[in-house]
Amino acid sequence: MTNLRIGHGYDVHRLVPGRKLILGGVEIPWEKGLLGHSDADVLVHAVMDALAGAARLEDIGKLFPDTDPAYKGISSLKLLEEVGRLLEERGFAVVNVDAALLAQAPKVAPYKARMAENIAAALGIDAEQVNVKATTEEGLGFTGDGSGMAAHAVVLVERLCL
């Protein structure tokens with residue numbers, strides 16, 4: 001059995017007025033925010049799903065159901081900490097995280113380093129192990145027309161104990 005596992009995560013949320021926009025645990029000033037039961041941090045949700053997949057955990061909808069009032073408005077970084085704890089409990093260590101945000105606006109370049117630092121801190125790893133990037137969709141689809149945002153994440157984890 002190999003000690004390395006790859007996980008892929010994907011998440012999407014609708015943009016709506018009257019909500020804070022939280023991406024990678026950073027509040028970004030903008031006219032809309034992401035709709036969801038928690039803070040709807042689409043970037044962190046994709047990372048959590050990738051990690052859960054690599055460790056063969058349930059997906060985040062099962063781990064943190066939106067029917068549970070305990071998760072209403074919760075910081076996704078707190079949920080990521082819990083996923084990190086579950087990985088550690090199963091003997092996994094995060095090797096690296098590569099995450100991509102798909103959004104037409106706002107521009108997030110000034111916030112990417114803080115996003116990576118937040119994700120790394122929640123997982124107890126070095127910020128050098130986390131890469132965050134962003135791209136527009138050239139005006140195409142729901143991310144391109146500004147009605148939503150999506151994120152992909154790929155992770156590599158290593159099983160330390162068998």
Distance in Å, Leu160 CG paired with Arg90 CZ, rounded so as to fall on 0.5 Å steps: 14.5 Å
Donor-acceptor contact below 3.5 Å, side chain Gln129 vs main chain Val95: yes
Backbone of Ala151 reached by a side-chain donor or acceptor of Asp11 within 3.5 Å: no
Interatomic distance, Ile119 atom CD1 to Leu80 atom CG [nearest 0.5 angstrom]: 7.0 Å
OG-CG distance between Ser76 and Leu43, expressed to the nearest 0.5 angstrom: 10.0 Å
Which residues share a ring-ring contact (aromatic ring centres under 6.0 Å, His included) with His37, sequence neighbours left out: none
Minimum heavy-atom distance Leu34-Ile22, with the two atoms named: CD1-O, 4.3 Å
Pairs under 3.5 angstrom only: tabulate donor-acceptor contacts from the side chains of residues 51-73 to other protein residues two or more places apart or in another chain.
{"residue": "Asp59", "atom": "OD1", "partner": "Gly61", "partner atom": "N", "Å": "3.0"}
{"residue": "Asp59", "atom": "OD1", "partner": "Lys62", "partner atom": "N", "Å": "3.0"}
{"residue": "Asp68", "atom": "OD1", "partner": "Ala70", "partner atom": "N", "Å": "2.8"}

Side chain to side chain, His13 and Leu35, heavy atoms closer than 4.5 Å: no
Check: Arg19 side chain, Gly36 main-chain N or O, donor-acceptor pair, under 3.5 Å: yes
Between CG on residue Leu101 and NZ on residue Lys133, distance to nearest 0.5 Å: 11.0 Å
Donor-acceptor under 3.5 Å (Glu158 side chain, Ala93 main chain): no
Derivation and outcome, side-chain contact (heavy atoms from CB on, under 4.5 Å), residues Asn131 and Asn96: CA-CA 8 Å; Asn131 184 52; Asn96 78 300; over 6 Å; no
Minimum heavy-atom distance between Val94 and Val157, given as atom pair plus value: CA-CG1, 4.2 Å
Donor-acceptor under 3.5 Å (His8 side chain, Val154 main chain): no
Glu89/Arg85 salt bridge by N-O under 4.0 Å criterion: yes
